[in-house]
Visitor: 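Quick one: structure below, then a few questions.
To find a chain, count down the sequence lines: A is the first, B the second, and so on, and within it residues start at 1.
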Amino acid sequence: MSDAQAGSVDAFTELVQSYRHRLLRFLLSRCASYADAEDALQDTMISAFRYIRSYDSRWRFSTWLYRIAIRNAAKLRTPEVIEIGDLRDEESDPLLQCIADSETENLWVHARRLLTDEVFAAMWLRYAEDMSVKDISKTLDRSASWTKVNLLRGRRALDAELNSVTNESEAYG
Amino acid sequence: MDKLAQQLRNDAEKIEVTVSDQLDHRIAASLQNVTPENESYAAPRSHRPALFWWASSLTGIAAAVAVIVIVNTRQPVEPAAPTPSSIAAAVPVIDWKAETAMLAGPLQQELDALQSDIRRAEREVRDDIGL
């Protein structure tokens, strides 16, 4: 970290190496296309390196990175695309495309359909990135109570969806 | 960790994304042109200078003092006790008869018209039955 803060590109690259895939996966849920997600990742890396001296070690490095990533993804949203949820069909949603490519059942498909962008992001940070409620609040710029309530709502929505899917499959034998 | 949380984690890991070599090169090339800065990533909030707060506080205090001084230095004006003659002069004299006539006039006209109609109808009935 200290080398990166001193301006070493190599040290910084090594520092963020393990976050690139995770960040790109997360950014796919915040951007309108794969190309936008890649651009957002590039902007995130540039911003993170430029402002690395302001990183506060009281917070997890990933929290800081995700916060930057969310802001950069928001910058790429055109005025016509207010809600990424408008694009949530499998053909145009980059995250759903990736899930479809893996050809396996995936709970995040249901999450994508049922949850709003912000609740989806909170759920993603909690369960895919294992962030604490405090870190999620910081990353999404929301209160801890908002985060707790919406994580609970997200879970309930997914639980209900899973139960209905299970019941349907049992009904069909 | 419960079942749902475990499934969400596993399913997130199943989502395959690749950071292409092209993107890697793009990022590396961009970073070469960047040098770390000392300012924070978060946009700095616009801080008003301390002088602004002092000036506004002093203005507020000065205004409050001015109001207190004005209220306390002003002598209370005793209201003059009204005399019977002044009350009589102040109250307008109403012409009750004119008022009554003005209000009852339209009703009287209506009554006259109705009575005239009744008389005309009575005459027509009498003519019809040959009285």
Side-chain angles (χ1 to χ4, degrees), chain A residues 4-10 12-13 16 20-29 34 37-39 41-56 64 67-68 71 94-95 98-99 101-102 104-111 123-124 126-130 154-155 158-159 162, chain B residues 1-68 70-71:
Chain A
Q5 285 178 326
S8 166
V9 175
D10 291 339
F12 177 78
T13 307
V16 295
R20 290 176 318 152
H21 285 87
R22 287 161 56 188
L23 271 175
L24 182 60
R25 208 160 41 188
F26 174 68
L27 284 167
L28 286 174
S29 71
Y34 204 98
E38 286 186 328
D39 287 347
L41 178 65
Q42 185 180 357
D43 293 345
T44 301
M45 292 299 162
I46 293 168
S47 299
F49 187 48
R50 177 167 290 149
Y51 300 108
I52 195 156
R53 284 179 189 161
S54 70
Y55 163 64
D56 186 346
W64 188 69
R67 198 174 156 85
I68 296 173
R71 288 191 188 183
L95 186 74
C98 284
I99 293 172
D101 290 345
S102 65
T104 52
E105 282 288 314
N106 199 308
L107 203 48
W108 290 104
V109 175
H110 298 293
M123 291 287 286
W124 183 276
R126 181 76 188 98
Y127 297 109
E129 294 299 331
D130 204 21
R155 281 190 60 107
L158 284 177
D159 267 334
L162 281 178
Chain B
M1 188 180 283
D2 63 293
K3 193 181 164 189
L4 181 72
Q6 188 64 51
Q7 193 177 346
L8 284 168
R9 171 178 283 191
N10 293 341
D11 285 357
E13 283 169 7
K14 279 183 203 164
I15 302 170
E16 289 173 13
V17 294
T18 47
V19 179
S20 62
D21 290 342
Q22 193 187 354
L23 179 61
D24 245 348
H25 291 139
R26 259 168 56 192
I27 292 171
S30 306
L31 291 177
Q32 294 297 333
N33 301 320
V34 177
T35 48
E37 294 174 6
N38 286 324
E39 62 187 82
S40 168
Y41 171 71
R45 290 179 185 172
S46 60
H47 292 292
R48 291 202 166 104
L51 185 64
F52 173 83
W53 298 114
W54 276 110
S56 57
S57 302
L58 287 173
T59 309
I61 291 166
V65 168
V67 168
I68 291 165
I70 289 167
V71 167

Visitor: Tell me whether B:Lys3 is salt-bridged to A:Asp159, with the criterion being a basic N under 4.0 Å from an acidic carboxylate O.
Guide: no
Visitor: To the nearest 0.5 angstrom, please state how far the CD atom of A:Gln42 sits from the OG atom of B:Ser30.
Guide: 4.0 Å
Visitor: Working to the nearest 0.5 Å, report the span between CG of B:Asp24 and CZ of A:Arg20.
Guide: 4.0 Å
Visitor: Locate the shortest heavy-atom distance separating B:Val19 from A:His21; write the atom from each residue and the value.
Guide: N-NE2, 3.7 Å
Visitor: Is A:Asp43 close to chain B through its backbone or its side chain, or both, or neither, when contacts mean heavy atoms under 4.5 Å?
Guide: neither
Visitor: Got a second to check how far A:Asn106's CG is from B:Asn10's CG, nearest 0.5 Å?
Guide: 10.0 Å
Visitor: Please state whether the side chain, the backbone, both or neither of A:Phe12 comes within less than 4.5 Å of a heavy atom of chain B.
Guide: side chain
Visitor: So for B:Leu23, is it side chain, backbone, both, or neither that comes closer than 4.5 Å to the heavy atoms of chain A?
Guide: side chain
Visitor: Taking side chain as everything from C-beta outward and backbone as N, CA, C, O, which of these in A:Arg155 sits under 4.5 Å from a heavy atom of chain B? Side chain, backbone, both or neither.
Guide: both
Visitor: What's the separation between atom CG in A:Leu24 and atom CD1 in B:Ile15, rounded to the nearest 0.5 Å?
Guide: 11.0 Å
Visitor: Taking the side chain as everything from C-beta on, heavy atoms only, tell me whether A:Glu38 gets closer than 4.5 Å to B:Val17.
Guide: no
Visitor: Please look at A:Leu107 and chain B and tell me whether the side chain, the backbone, both or neither of the residue comes under 4.5 angstrom of a heavy atom of that chain.
Guide: both
Visitor: Could you grab the distance from atom CG of B:Asp11 to atom NE2 of A:His110, nearest 0.5 Å is fine?
Guide: 9.0 Å
Visitor: Can you give me the closest heavy-atom contact between A:Tyr34 and B:Thr18, atom names plus distance?
Guide: OH-O, 3.3 Å
